[in-house]
Amino acid sequence: MLRRVMLETRLLPATAAGIAEAARLLAEGALVAVPTETVYGLAADATDGRAVAGIFGAKGRPSFNPLIVHLADCEAARRLVAFDPRAERLAAAFWPGPLTMVLPRRPDCPVSELASAGLPSLAVRVPAHPVARRLLALCGRPLAAPSANRSGQVSPTRAEHVMAELDGRIDAVLDAGPCAVGVESTIVGLADGEARLLRPGGVAPEAIEALIGPLSRATGGTIEAPGMLESHYAPARPVRLDAATAKAGEALLAFGPPPQVGPATVVLNLSPAGDLAEAAANLFAHLRALDRPEISAIAVMPVPQQGLGLAINDRLRRAAAPRPGDKRPS
Ligand code: TXA
Ligand code: MG
């Protein structure tokens, strides 16, 4: 589908009729943003190379970045990739849910080569969101879906976030309200021997290690996941980490009991009670809400580095990373 012309992006309700319409559009090769428990994904039929190409175009995403393919159940995933005993154990424990596994593609895998960017591996996930599950069951085909944001920007946790960046560039948004988890799935690489944590996310690495033993942590070098680009998930305004409080002109992203600030300072709290799951669910929406032209920077209070805190700190560190020139990564 050519993306040069502006499309009329339809907002579909997450009713039986809305989900059926989304499934019909996807079968025709359209691009539809869909809710998952982590963030909204920009979905297309993963077996349709032209539709998958449309995702890269709409996001402005570098084409070397492979996509996650979403399936209705574990059976459907087994048809695309080769499971090993570790994958079986993780699927049994965490699917449906916020875990993505990178596994070897089967020789007869029908997914477009473009979705895995020519790699011999494929990232697969069975999402838990009831609307995503109903849609996948209705579609009866794998859906490639990266987060539904322009490349390099903050991931969307509400339909309005998707519209703000992709209105006119995609066919529809299926609106099911805010996402419960709020950070993307944890990605575990199992395709080449050792188990590797490619991206921290909605499942705590400790819970994975309890089942399959230690995960090796990806080190720099070649980019295996765009989440591994240093500057990513970036708001327009600078982000200052480990802040005890906000300086004049800054907005404050608090965690736990907030410090006293002047009346001019805008404060949003990830979780006043210090709950990491609540903080993850609020992270991207709060970053977006604080990213206002009148502030000089977003000051962020420290978040504990454990459980979901790993994913939260990973996203915050990338949001604060030096940006090449004045430009976001494309
Ligand atoms: O929670 C999520 O994972 C969301 C929702 C929509 O499911 N999706 C998401 O997709 O975050 P995306 O495209 O923004 O991030 C997918 C990550 C990328 O960093 C990509 O490089 C990595 O998965 N990935 C995909 N296929 C891979 C492969 N074959 N090998 C290594 N990394 C891969
Ligand atoms: Mg993304």
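Model, not experiment: these values are computed from the prediction. Values below: all heavy atoms of this structure, side chains included; hydrogens, waters and symmetry mates excluded. Quick note: residue numbers are just sequence positions, from 1. First listed ligand is number 1; within each ligand, the first listed atom is number 1.
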| field | Residues R125, E37: salt bridge by 4.0 Å N-O rule | value | yes

| field | Verdict with supporting geometry, D108 and R106, salt bridge (Lys or Arg N to Asp or Glu O under 4.0 Å) | value | CA-CA 5 Å; D108 58 347; R106 287 191 174 284; 5.2 Å; no

| task | Please say whether S121 places an N or O atom under 3.5 Å from an N or O atom belonging to ligand 1. | result | yes

| message | Using a distance threshold of 2.8 Å, state whether an N, O or S atom of S155 lies below it from the Mg ion (ligand 2). | response | no

| Numbering as shown, the atoms of ligand 1 that approach A145 to under 4.0 Å (heavy-atom distance) | 6 (C), 8 (N), 10 (O)

| field | Min heavy-atom dist V102 to ligand 1 below 4.0 Å | value | yes

| field | salt bridge (Lys or Arg N to Asp or Glu O under 4.0 Å) evaluation trace for E209 with R196 | value | CA-CA 10 Å; E209 291 182 320; R196 298 200 290 159; over 6 Å; no

| field | Carboxylate-amine/guanidinium contact R78 E88, below 4.0 Å | value | yes

| request: Compute whether any side-chain donor of one residue and acceptor of the other, for E184 and S155, lie under 3.5 angstrom apart. | output: yes

| said: Side chains of S185 and R199: any donor to acceptor distance under 3.5 Å? | reply: yes

| message | Quick one about T9 and R169 (side-chain donor to acceptor, distance below 3.5 Å, no hydrogens or angles considered), yes or no? | response | no

| field | Per-atom contacts of ligand 1 with L119, taking only distances under 4.0 Å to non-hydrogen atoms | value | 28 (C), 29 (N), 30 (N)

| query | Counting each atom of ligand 1 from 1 as listed, which ones have a heavy atom of I187 under 4.0 Å away? | reply | 17 (C), 22 (C), 23 (O)

| message | So V131 and V34, do their side chains get closer than 4.5 Å, heavy atoms only? | response | no

| query | Does the N or O separation between R125 and ligand 1 drop below 3.5 Å for any pair? | reply | yes

| Taking side chain as C-beta onward, heavy atoms only, is P142 less than 4.5 Å from H70? | no

| request: Compute the shortest N/O to N/O distance between R199 and ligand 1 and return yes if it is under 3.5 Å, no if not. | output: yes

| field | Ligand-residue contact atoms, ligand 1 with G41, heavy atoms, under 4.0 Å | value | 6 (C)

| Which atoms from ligand 1 have a heavy atom of S147 less than 4.0 Å away? | 8 (N), 9 (C), 10 (O), 12 (P), 14 (O)

| message | Check this for me - ligand 1, S116, N or O atoms closer than 3.5 angstrom, yes or no? | response | no

| query | What atoms of ligand 1 come within less than 4.0 Å of a heavy atom belonging to T38? | reply | 1 (O), 2 (C), 4 (C), 5 (C)

| field | I68: numbered ligand 1 atoms lying under 4.0 Å from its heavy atoms | value | 3 (O), 8 (N), 9 (C), 10 (O), 16 (C), 23 (O)

| request: Number the atoms of ligand 1 from 1 as they appear, then name those within less than 4.0 Å of a heavy atom of H70, with their elements. | output: 5 (C), 6 (C), 7 (O)

| query | Above 12 or not: heavy atoms from other molecules or residues under 6.0 Å from CD of E294? | reply | yes

| query | At a non-hydrogen distance cut-off of under 4.0 Å, which region of N65 contacts ligand 1 (side chain, backbone, both, or neither)? | reply | neither

| field | Options P120, P146, G118, ranked by nearest heavy atom to atom 10 (O) of ligand 1, top entry | value | P146

